[in-house]
K.L.:
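Submitted below is the structure of interest, expressed as structure tokens.
Proteins get letters first, then strands, A, B, ... in listed order; numbering begins at 1 in each. Quantities reported herein were computed from a predicted structural model and do not represent experimental measurements.
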Number of protein chains: 2
Amino acid sequence: MMSGNSPDFTERLRAAGLRPTRQRVALARVLFEGGHRHVTAESLHAEVKATRMPVSLATVYNALNQFRDAGLLREVVVAPGRSYFDTNTGHHHHFYVEPDGELHDFPSDKVTIAGLPSPPKGTRLSRVDVIVRVHR
Amino acid sequence: MMSGNSPDFTERLRAAGLRPTRQRVALARVLFEGGHRHVTAESLHAEVKATRMPVSLATVYNALNQFRDAGLLREVVVAPGRSYFDTNTGHHHHFYVEPDGELHDFPSDKVTIAGLPSPPKGTRLSRVDVIVRVHR
DNA sequence: GCATCTTTTAGAATAGTTCTAATCTGCTTG
DNA sequence: CAAGCAGATTAGAACTATTCTAAAAGATGC
Ligand SMILES: [Mn+2]
Ligand SMILES: [Mn+2]
Ligand SMILES: [Zn+2]
Ligand SMILES: [Zn+2]
């Protein structure tokens, strides 16, 4: 249906406390309408421009940071000099394929990590990231 | 043979296929004479300059990359926009303290990771990184 | 000590990201 | 539905980490 619009994304953005501007709706559509994605600012910018919606790179960066802060995305750091943003915000871990730079999810519920030492004095656990680095 | 110098580091560099230049020896001394370290290019540059050995930042970057390629260091990526270099090249994992940016080792031999899926088709396992993110 | 090849260096260049400040737009109010 | 306003977008500058360039200096082998 989408009588021209995207009520779902509009609503989702509003629920996250973000105005559903045209650019944010276009970005949200690209990010969230299929399955889970891992994008960089540049790759997302290229994709959204291909939909003929003009969006500046600065806006892509702004939106990615806002979406992450709102809990719609999660940031993944696996390689120096580039940030990935992940539409899968649930618990999971990653394969990182070098030198391609591809990221693949795997569920964390079948993975057992035992014997982790307790956090250093004065700190609290925030998240455990497992990155399985593979190469061709 | 240079009495007063650092024959161990000279030798270690030579063994790694690197000429023991003054700059590389000075850097190796700072890096390897104490216990294990995690440094950035900037932090190492500051440290070595404090020893009154003039070394350019470009040389620090060159040396870090060469040391890593030679297996003397390992590169750790935990935060966007900065690379850490680790003098501990054995198997181990990391605590990453935000927002300080501190890295702490913990041994991997007491940690058990079970249930990891097998690598994607056409890839081979290279390394498994566990990053325990903590905050104050 | 000389020749040769390597390394260092200052500064320019590059890549990813953030900032600035001017313009525009979504939303509320009358 | 017209203002009015706060919030968003944008081009381009700025910034940070890193790499590159090409010229000068240094290490090594003879
Ligand atoms: Mn960011
Ligand atoms: Mn590097
Ligand atoms: Zn993911
Ligand atoms: Zn370490």
K.L.:
What integer distance in Å separates B:Leu64:CG from D:dA17:P?
P.N.:
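So the CG-P distance, B:Leu64 to D:dA17, works out to 14 Å.
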K.L.:
How many Å lie between CD on A:Glu11 and C1' on C:dC27, as a whole number?
P.N.:
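From A:Glu11 CD to C:dC27 C1': 15 Å.
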K.L.:
Where along residues 42-51 of chain A does a heavy atom fall under 4.0 Å from DNA chain C?
P.N.:
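Under 4.0 Å from DNA chain C: no residue of residues 42-51 of chain A.
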K.L.:
If I take atom CG from residue A:Leu64 and atom OG1 from residue A:Thr40, how far apart are they, to the nearest 0.5 angstrom?
P.N.:
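Rounded to the nearest 0.5 Å, the CG-OG1 separation comes to 8.5 Å.
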K.L.:
When you measure from the side chain of B:Thr59, which nucleotide among D:dT18, C:dG16, C:dT9 comes out closest?
P.N.:
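Minimum distance to the B:Thr59 side chain belongs to C:dT9.
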K.L.:
Please name all residues satisfying salt bridge (Lys or Arg N to Asp or Glu O under 4.0 Å) with B:Arg133, sequence neighbours left out, ordered by chain then number.
P.N.:
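Per chain and number, B:Arg133 pairs via salt bridge (Lys or Arg N to Asp or Glu O under 4.0 Å) with A:Asp129.
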K.L.:
When you check the gap from the basic side-chain N to the acidic O, do A:Glu102 and A:Arg136 get nearer than 4.0 Å?
P.N.:
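Yes, A:Glu102 and A:Arg136 are salt-bridged.
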K.L.:
With nearest nucleotide decided by heavy atoms, which residue, A:Ala58 or B:Thr40, maps closer to the 5′ end of DNA chain D?
P.N.:
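Its nucleotide being nearer the 5' end, the pick is A:Ala58.
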K.L.:
Tell me if a side-chain donor or acceptor on B:Ser108 pairs with a main-chain N or O of B:His91 at a distance below 3.5 Å.
P.N.:
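Between the backbone of B:His91 and the side chain of B:Ser108 there is a qualifying donor-acceptor contact (under 3.5 Å).
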K.L.:
Quickly work out the B:Gln66 CD to D:dT18 C1' distance and round it to whole Å.
P.N.:
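After rounding, the gap between these two atoms is 14 Å.
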K.L.:
Mind checking whether A:Leu116 and A:Val111 sit in one hydrophobic cluster, side chains of I, L, V, M, F, W, Y counted as touching below 4.5 Å?
P.N.:
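Yes, one cluster joins them.
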K.L.:
Are A:Leu44 and A:Leu13 linked, directly or through other ILVMFWY residues, by side chains that come within less than 4.5 angstrom of each other?
P.N.:
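Per the 4.5 Å side-chain linkage, A:Leu44 and A:Leu13 are co-clustered.
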K.L.:
Could you check how far CG of A:Asp69 sits from C1' of C:dT18, rounded to whole Å?
P.N.:
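Atom-to-atom, A:Asp69 to C:dT18, this comes out as 14 Å.
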K.L.:
Looking at A:Tyr61, does any N or O in its side chain come under 4.0 Å of the phosphate oxygens OP1/OP2 on C:dT17?
P.N.:
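Indeed, a polar side-chain atom of A:Tyr61 lies that close.
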K.L.:
Can you tell me how far C1' of D:dA14 sits from CG of A:Leu57, to the nearest Å?
P.N.:
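Taking CG of A:Leu57 and C1' of D:dA14, I get 15 Å after rounding.
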K.L.:
Can you tell me how far C1' of D:dT10 sits from CE of A:Met53, to the nearest Å?
P.N.:
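To the nearest whole Å, that distance equals 13 Å.
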K.L.:
Checking B:Arg82 now: which residues fulfil side chain to side chain donor-acceptor pair (under 3.5 Å) with it, not counting sequence neighbours?
P.N.:
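So B:Arg82 forms a side chain to side chain donor-acceptor pair (under 3.5 Å) with B:Tyr84.
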K.L.:
Tell me, do B:Tyr96 and A:Ser126 make a side-chain contact under 4.5 Å, heavy atoms counted?
P.N.:
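Result no, sub-4.5 Å side-chain heavy-atom pair not found.
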K.L.:
Whole Å only: how far is the CG atom of A:Asn65 from the C1' atom of C:dT17?
P.N.:
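Going from A:Asn65 (CG) to C:dT17 (C1'), I get 9 Å.
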K.L.:
Look at the side chain of A:Asn62 and decide which nucleotide, out of C:dT17, C:dT9, D:dT9, has an atom nearest to it.
P.N.:
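Nucleotide nearest to A:Asn62's side chain: D:dT9.
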K.L.:
Could you state the atom-to-atom distance from CZ of B:Arg24 to C1' of C:dT6 in whole Å?
P.N.:
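Going from CZ in B:Arg24 over to C1' in C:dT6 covers 8 Å.
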K.L.:
Taking ring-ring contact (aromatic ring centres under 6.0 Å, His included) as the definition, give me every residue that meets it alongside B:His92, ordered by chain and number, with sequence neighbours left out.
P.N.:
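Here the qualifying residues are B:His94.
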K.L.:
Between A:Phe106 and A:Val132, is any pair of side-chain heavy atoms under 4.5 Å apart?
P.N.:
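They are in contact (side-chain heavy atoms under 4.5 Å apart), so the answer is yes.
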K.L.:
Do the side chain of A:Arg74 and the main chain of A:Gly90 share a donor and acceptor less than 3.5 angstrom apart?
P.N.:
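Yes; at least one donor-acceptor contact below 3.5 Å.
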K.L.:
Describe, as an angle rounded to 10 degrees, how the axis at the first end of the helix from C:dG1-D:dC30 to C:dG30-D:dC1 is tilted relative to the axis at the last end, five pairs per end.
P.N.:
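Rounded value for the end-axis angle: 30°.
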K.L.:
Phosphate oxygens OP1/OP2 of D:dT16: is one of them under 4.0 Å from a side-chain N or O of B:Arg82?
P.N.:
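Negative; the distance criterion is not met.
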K.L.:
Summarise how protein sits on nucleotides 24-30 of chain D as a single string, 5' to 3': B when a protein heavy atom is under 4.0 Å from the base, S for sugar-phosphate-only contact, - for no contact.
P.N.:
--BBS--
K.L.:
If every non-hydrogen atom of B:Thr87 is compared with every non-hydrogen atom of B:Leu31, which pair is closest and at what distance?
P.N.:
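Reported closest heavy-atom pair: CG2-O, 3.5 Å.
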